[in-house]
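Order of the sequence lines sets the chain letters (A, B, ...), proteins ahead of strands, with each chain counted from 1.
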2 protein chains.
Amino acid sequence: MPPAPEPLFTISHLARELGITPRSIRYYEERGLIAPQRTLGRQRVYGKRDRARLKLILRGRRFGYSLEEIAEMIGHTDEAVTEAEQIRQSLRFGERKLQDIRARMEELNQMEQELVAVRDRLRQRLTDIETK
Amino acid sequence: MPPAPEPLFTISHLARELGITPRSIRYYEERGLIAPQRTLGRQRVYGKRDRARLKLILRGRRFGYSLEEIAEMIGHTDEAVTEAEQIRQSLRFGERKLQDIRARMEELNQMEQELVAVRDRLRQRLTDIETK
DNA sequence: TTTAACATTAACGTTAACGTGAAGTATGTA
DNA sequence: TACATACTTCACGTTAACGTTAATGTTAAA
């Protein structure tokens with residue numbers, strides 16, 4: 001049996017799908033966040049893993065993480081130390097970020113409660129005004 | 001009985017307490033997010049409400065919300081329309097942001113799961129390597 | 001009342017994360 | 001083979017969110 005034929009994407013295809021520009025994707029590569037395969041003719045080819053990685057990056061961005069932090073979270077692709085050390089590093093960063101995420105969840109809860117409180121106060125004032 | 005003497009803060013006092021710089025606080029004011037009282041000599045004076053508002057702003061920032069979005073969330077202090085309209089507007093934005101927050105919670109969960117998955121894969125590879 | 005410790009405004013500087021071409025070349029698809 | 005895409009490199013532009021500096025005013029304490 002031949003190895004499962006992985007679905008491949010061109011840069012602009014992927015960009016459209018993710019709602020970003022090819023420029024951004026190349027920029028992420030420049031910053032060492034992804035490292036797609038290339039065709040014989042040097043064109044970038046993206047697979048499932050790359051797509052997933054990009055989604056992670058975008059999710060991170062939506063949460064205000066810098067590309068630098070995201071790199072730490074999911075692991076740089078360049079500057080290879082030994083593989084084991086690489087992995088251990090990623091693990092350490094990953095743990096930190098997990099903590100971080102859990103802390104953020106708490107904060108989101110706080111924020112939600114505060115917004116709800118603000119809302120309720122506003123509603124109260126509104127009815128006060130309208131029934132005066 | 002005199003009105004409860006509210007505790008007042010100077011800008012750098014508040015900045016220290018919140019772990020930011022006076023510059024940032026002034027900038028938030030410039031962007032219409034806060035509007036502290038002034039002394040006779042034009043120096044800024046902050047009260048409890050201001051402090052709370054700043055905390056909200058910072059929380060928002062930690063989540064990657066732009067100052068613009070935060071302003072929408074908690075209401076601009078300038079461009080006064082009628083009070084009722086103001087309030088209704090804030091309510092609308094607030095509702096949106098609540099939705100937003102709930103969506104983000106979902107995303108955080110996703111992110112956590114993915115990070116955990118990454119972690120587990122990494123751990124697996126690590127033991128693979130070490131026991132080879 | 002002087003002085004040290006803050007504050008104020010104004011303006012220019014900085015960094016991250018891209019956007020926007022330009023220019024010339026290579027690749028891939030109908 | 002035509003034509004849309006993609007590539008690289010380069011460089012300049014842009015926006016948000018402050019940092020920094022300068023020149024001056026305010027305030028609390030001694």
_Donor-acceptor contact below 3.5 Å, side chain B:Arg44 vs main chain B:Gln37_ =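 Such a contact is absent between B:Arg44 side chain and B:Gln37 backbone.
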
_With a 4.0 Å cut-off on N to O distance, would you call B:Glu29 and B:Arg38 a salt bridge?_
yes

*asked:* One thing to verify: whether A:Glu130 and A:Arg123 come together as a salt bridge, which I'm taking to mean a side-chain N less than 4.0 angstrom from a carboxylate O.
replied: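 So A:Arg123 does not pair with A:Glu130 through a salt bridge.
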
Over how many whole Å does the gap from [X] atom [atom1] to [N] atom [atom2] extend?
| X | N | atom1 | atom2 | answer |
| --- | --- | --- | --- | --- |
| A:Leu8 | C:dT29 | CG | C1' | 16 Å |
| B:Arg62 | D:dA16 | CZ | P | 22 Å |
| A:Arg31 | C:dA17 | CZ | C1' | 8 Å |
| A:Arg16 | D:dT5 | CZ | P | 8 Å |
| A:Arg38 | C:dG28 | CZ | P | 12 Å |
| A:Glu29 | C:dA17 | CD | P | 17 Å |
| A:Glu30 | C:dG19 | CD | C1' | 13 Å |
| A:Leu58 | C:dC18 | CG | C1' | 13 Å |

*Taking atom types as modelled, find out whether B:Tyr27 and B:Arg31 have a side-chain donor-acceptor pair closer than 3.5 angstrom.*
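A pair is found: one side chain offers a donor N or O, the other an acceptor, under 3.5 Å apart.
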
*asked:* Whether the B:Asn109 and B:Gln113 side chains hold a donor-acceptor pair (N or O, under 3.5 Å, no angle test) is what I'd like checked.
replied: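 There is no such pair (donor and acceptor under 3.5 Å, judged by atom type) between the side chains of B:Asn109 and B:Gln113.
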
*First locate atom CG of B:Leu56, then atom CZ of B:Arg51, and finally report the distance between them rounded to the nearest 0.5 Å.*
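Taking CG in B:Leu56 and CZ in B:Arg51, the distance rounds to 11.0 Å.
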
Show me the protein contacts with nucleotides 18-25 of chain D, counting only N or O atoms at under 3.5 Å.
| residue | atom | partner | partner atom | Å |
| --- | --- | --- | --- | --- |
| D:dC18 | OP2 | B:Tyr28 | OH | 2.9 |
| D:dC18 | OP2 | B:Arg61 | NH1 | 3.4 |
| D:dC18 | N4 | B:Arg23 | NH2 | 3.4 |
| D:dG19 | OP2 | B:Thr21 | OG1 | 2.5 |
| D:dG19 | N7 | B:Arg23 | NE | 3.1 |
| D:dG19 | O6 | B:Arg23 | NH2 | 2.8 |

*asked:* Is the phosphate of C:dT9 approached by B:Arg42 (side-chain N or O, under 4.0 Å from OP1 or OP2)?
replied: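 B:Arg42 to C:dT9 OP1/OP2: no side-chain N or O under 4.0 Å.
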
*asked:* OP1 or OP2 of D:dT8 versus the side-chain N and O atoms of A:Arg44: is any pair under 4.0 Å?
replied: yes

*asked:* Please list all pairs meeting salt bridge (charged side-chain N to carboxylate O under 4.0 Å, His left out) that have one or both residues in residues 10-21 of chain B, counting only residues at least two apart or in different chains.
replied: none

_Shortest side-chain distance from A:Ile11, nucleotide among C:dT8, C:dG28, D:dC7_ = D:dC7

*Answer with base, sugar-phosphate or nothing: what part of the nucleic acid does A:Leu40 contact at a heavy-atom distance below 4.0 Å?*
nothing

